[in-house]
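All remarks here apply to the structure that follows.
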Amino acid sequence: RQEQLARAIDKVNTERTQDPSLAVLRTSPAVQAAFTELSKTMTGQPDPAARAAASQAYAAATLAEQQRLEISNPQLLPKTMVDQIAKQFATPPGEGQDTASVMRGIVDQWGKYWPMVGRQLGNKIPAGAVVIGLGVKPEAEQLISEALKLKPEQLQQGLKPEDVTAIKDLVTNQFEPLKRGLAWQVNGQETYDNYVDTAGALATMLVQKGVKPKDAAAKAFESMIGFKYEFEDTWRVPKEALGTTVTPNLLRGGAYAARFDIAEKTPLRIPRAPGSAARPEDQEKQWRNTIQDVGFWVTSPGDGGLTLYVKSGLGAQPVLNADGSPVRRSWGELSGLGNEVRAARMSDVYRIGRTLDGRPTGSRVP
């Protein structure tokens, strides 16, 4: 009986790791009820509003249960549902449909939960479909949908080899700002690859229509990502978050000041070096100095602000609050701090005891 119990525990733990959505669906009456309601709305000619309401109610239920069970990598969809969605892209769209219309339907269905669904779909759907789901300009959406119907050799038919090479290089250069910001995020490389692959196809379509390669690459960037974000070194800010009180300059100053402010005052979880004989207070001092020296900001998941990272031998790691949560600041918080920096600059006093080029002022002034 002990061996049977151990095997049962192992099976549950394995399922929660490999397919957590299915695991809670099998055991939670609340999740089962929400999933049953979702299944009902998907039969026949589903009403889009009812389908969206049922999908998002199910998403809320399964996430709540996975959080209660402290599942470390929660997922919305069972693997069988992921496969069902992927099959929609394995065959040509039906009459009156294209990839863009299919993606709009999926995005609308899941609403605010779409980013989680998109991450699960990953490479199971075409890169262009993923990018369309993230949001592009209408004219780009149509051209991307057309490109997805063609094989690479069909897409490049009639182009000079040097033009094909130029398109690839120019697109890569255009998307360098996005690469810098995504490099440190979970699944960031995959997202970047999706954008660059799709931009290459879009730029090729534009060249086929008579646009010069350089202009085609620039238009691809602007219509896919440039129209949505302002870029600043390792982070980007949604343009919809900007206004008279939130500007790139204010955010830049606020992000700079916040890094030193956090290093000096915020209670943090201090990484302990294995086998180190250093005193805890010395390790803390070293960690805080590291944040000041090599700390940098990355756009937070959901684009709601910035998350603080430090460079390390393994690449980078997030700075953690004392409770273990990542250190983050919203756009509003950073903008407010940026206003303080600007006011301090006008009076030649920097609130965290440093000038804007990082030199100590020698005193702290409230």
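Counting begins at 1 with the first residue of the sequence.
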Side chains of [X] and [Y], heavy atoms from C-beta outward: is any pair under 4.5 Å?
{"X": "Met116", "Y": "Leu77", "answer": "no"}
{"X": "Asp303", "Y": "Tyr229", "answer": "yes"}
{"X": "Tyr113", "Y": "Leu63", "answer": "yes"}

> Tell me the ring pair (Phe, Tyr, Trp, His ring centres under 6.0 Å) pairs involving residues 26-80, sequence neighbours left out?
Replying inline: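 Output for this query lists Phe35-Tyr58.
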> Would Met103 end up clustered with Phe227 when hydrophobic side chains under 4.5 Å apart are linked, directly or stepwise?
Replying inline: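 No, no single cluster joins them.
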Is the backbone N or O of [Y] less than 3.5 Å from a side-chain atom of [X], with the two atoms forming a donor-acceptor pair by type?
{"X": "Ser55", "Y": "Arg51", "result": "yes"}
{"X": "Trp287", "Y": "Pro271", "result": "no"}
{"X": "Thr99", "Y": "Ala129", "result": "no"}
{"X": "Gln32", "Y": "Leu25", "result": "yes"}

Salt bridge flag under 4.0 Å for residues [X] and [Y]:
{"X": "Asp108", "Y": "Arg104", "value": "no"}
{"X": "Glu65", "Y": "Arg68", "value": "yes"}
{"X": "Asp282", "Y": "Arg279", "value": "yes"}
{"X": "Lys285", "Y": "Glu281", "value": "no"}

Between [X] and [Y]: side-chain donor-acceptor atoms closer than 3.5 Å:
{"X": "Ser300", "Y": "Thr307", "value": "yes"}
{"X": "Asn194", "Y": "Glu190", "value": "no"}
{"X": "Asp323", "Y": "Ser325", "value": "yes"}
{"X": "Arg180", "Y": "Thr234", "value": "no"}

Indicate every side-chain donor-acceptor pair of residues 153-170 with a distance under 3.5 Å to a residue at least two apart or in another chain.
unit_1	atom_1	unit_2	atom_2	d
Gln154	OE1	Lys151	N	2.8
Thr165	OG1	Pro161	O	3.2

> Out of Asp197, Thr191, Thr198, which one pairs with Tyr195 under the side chain to side chain contact (heavy atoms under 4.5 Å, CB included) rule?
Replying inline: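 Result: among Asp197, Thr191, Thr198, Thr191 is the only option passing the side chain to side chain contact (heavy atoms under 4.5 Å, CB included) with Tyr195.
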> Honestly, is Arg252 close enough over Tyr256, meaning NZ or CZ under 6.0 Å from the six-membered ring centre and within 45° of the axis?
Replying inline: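 Verdict for Tyr256: no cation-pi partner in Arg252.
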> Other than Phe296, what residues sit in its cluster of Ile, Leu, Val, Met, Phe, Trp and Tyr side chains whose heavy atoms are under 4.5 Å apart, directly or through others?
Replying inline: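 In the cluster with Phe296 are Trp184, Val298, Tyr309.
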